[in-house]
Amino acid sequence: MNAYAPILVLGALGAGFAIFSVVMASIVGPKRYNRAKLEAYECGVEPTPQPAGGGRFPIKYYLTAMLFIVFDIEIVFLYPWAVTFDALGLFGLVEMLLFVLTVFVAYAYVWRRGGLEWD
């Protein structure tokens, strides 16, 4: 149990700071509410009613999500590979080259579909 004591103390300090911050903000903070502040945040755009079956989203949203997931997964696999690079040898190098090639295929697809153009 002594090994976990610093972790528990740090967690208690973090939770205490979070609770203290929220309570003090509600006590000391300004309380000037108006209709605009109580509305949902919509990035300055007035919300429009949605069709019954939901609206159609442009493909750019899905391409952006796919690009994020592809590179997120790539990083998850590249860090352990980089740490054990010497122990894996040639087999590890070939496997990682095949993996990176697969990632580049997804990258090329997103690039071709216009997922990297942000205008």
Side-chain angles (χ1 to χ4, degrees):
M1 189 63 181
N2 288 337
Y4 295 109
I7 296 171
L8 293 174
V9 169
L10 187 61
L13 282 173
F17 179 74
I19 292 170
F20 174 77
S21 298
V22 170
V23 169
M24 288 307 291
S26 65
I27 292 172
V28 179
K31 294 172 180 53
R32 293 183 301 260
Y33 298 109
N34 57 28
R35 200 173 114 214
K37 276 195 165 206
L38 295 175
E39 284 187 20
Y41 181 67
E42 294 288 338
C43 299
V45 178
E46 288 293 323
T48 58
Q50 290 288 330
R56 293 182 64 131
F57 289 99
I59 188 72
K60 188 171 277 304
Y61 292 115
Y62 300 108
L63 289 175
T64 303
M66 187 173 90
L67 188 66
F68 172 76
I69 289 171
V70 163
F71 287 109
D72 194 38
I73 290 172
E74 179 186 18
I75 293 302
V76 166
F77 284 116
L78 277 176
Y79 276 128
W81 174 75
V83 170
T84 61
F85 177 71
D86 289 336
L88 293 176
L90 184 63
F91 174 75
L93 179 65
V94 171
E95 289 296 319
M96 191 50 68
L97 285 176
L98 290 173
F99 175 70
V100 169
L101 179 69
T102 307
V103 169
F104 279 131
V105 167
Y107 176 71
Y109 173 76
V110 170
W111 187 0
R112 184 165 169 83
R113 297 288 298 202
L116 301 177
E117 297 170 11
W118 297 105
D119 4 351

Any heavy-atom pair between the side chains of I75 and F71 that's under 4.5 Å? no

Starting from the C-alpha separation in whole Å, work towards a yes-or-no answer on side chain to side chain contact (heavy atoms under 4.5 Å, CB included) for F104 and V100. CA-CA 6 Å; F104 279 131; V100 169; 3.2 Å; yes

D72: which residues meet the side chain to side chain contact (heavy atoms under 4.5 Å, CB included) condition with it, sequence neighbours left out? F68

Side chain proximity check, F99 to V103, heavy atoms < 4.5 angstrom: yes

Residues in side chain to side chain contact (heavy atoms under 4.5 Å, CB included) contact with T102, at least two apart in sequence or another chain: none

Do V28 and V23 belong to the same hydrophobic cluster, where Ile, Leu, Val, Met, Phe, Trp and Tyr are linked whenever their side-chain heavy atoms lie under 4.5 Å apart, directly or via other members? yes

Spell out, yes or no, whether I27 and F20 are grouped together once hydrophobic residues are joined by side-chain heavy atoms under 4.5 Å, including indirect joins. yes

Cluster overlap V70 with V105, hydrophobic side-chain contacts below 4.5 Å: no

Quiz: residues 82-98 side-chain donor-acceptor pairs under 3.5 angstrom, not counting sequence neighbours:
| from | atom 1 | to | atom 2 | distance (Å) |
| --- | --- | --- | --- | --- |
| T84 | OG1 | P80 | O | 3.0 |

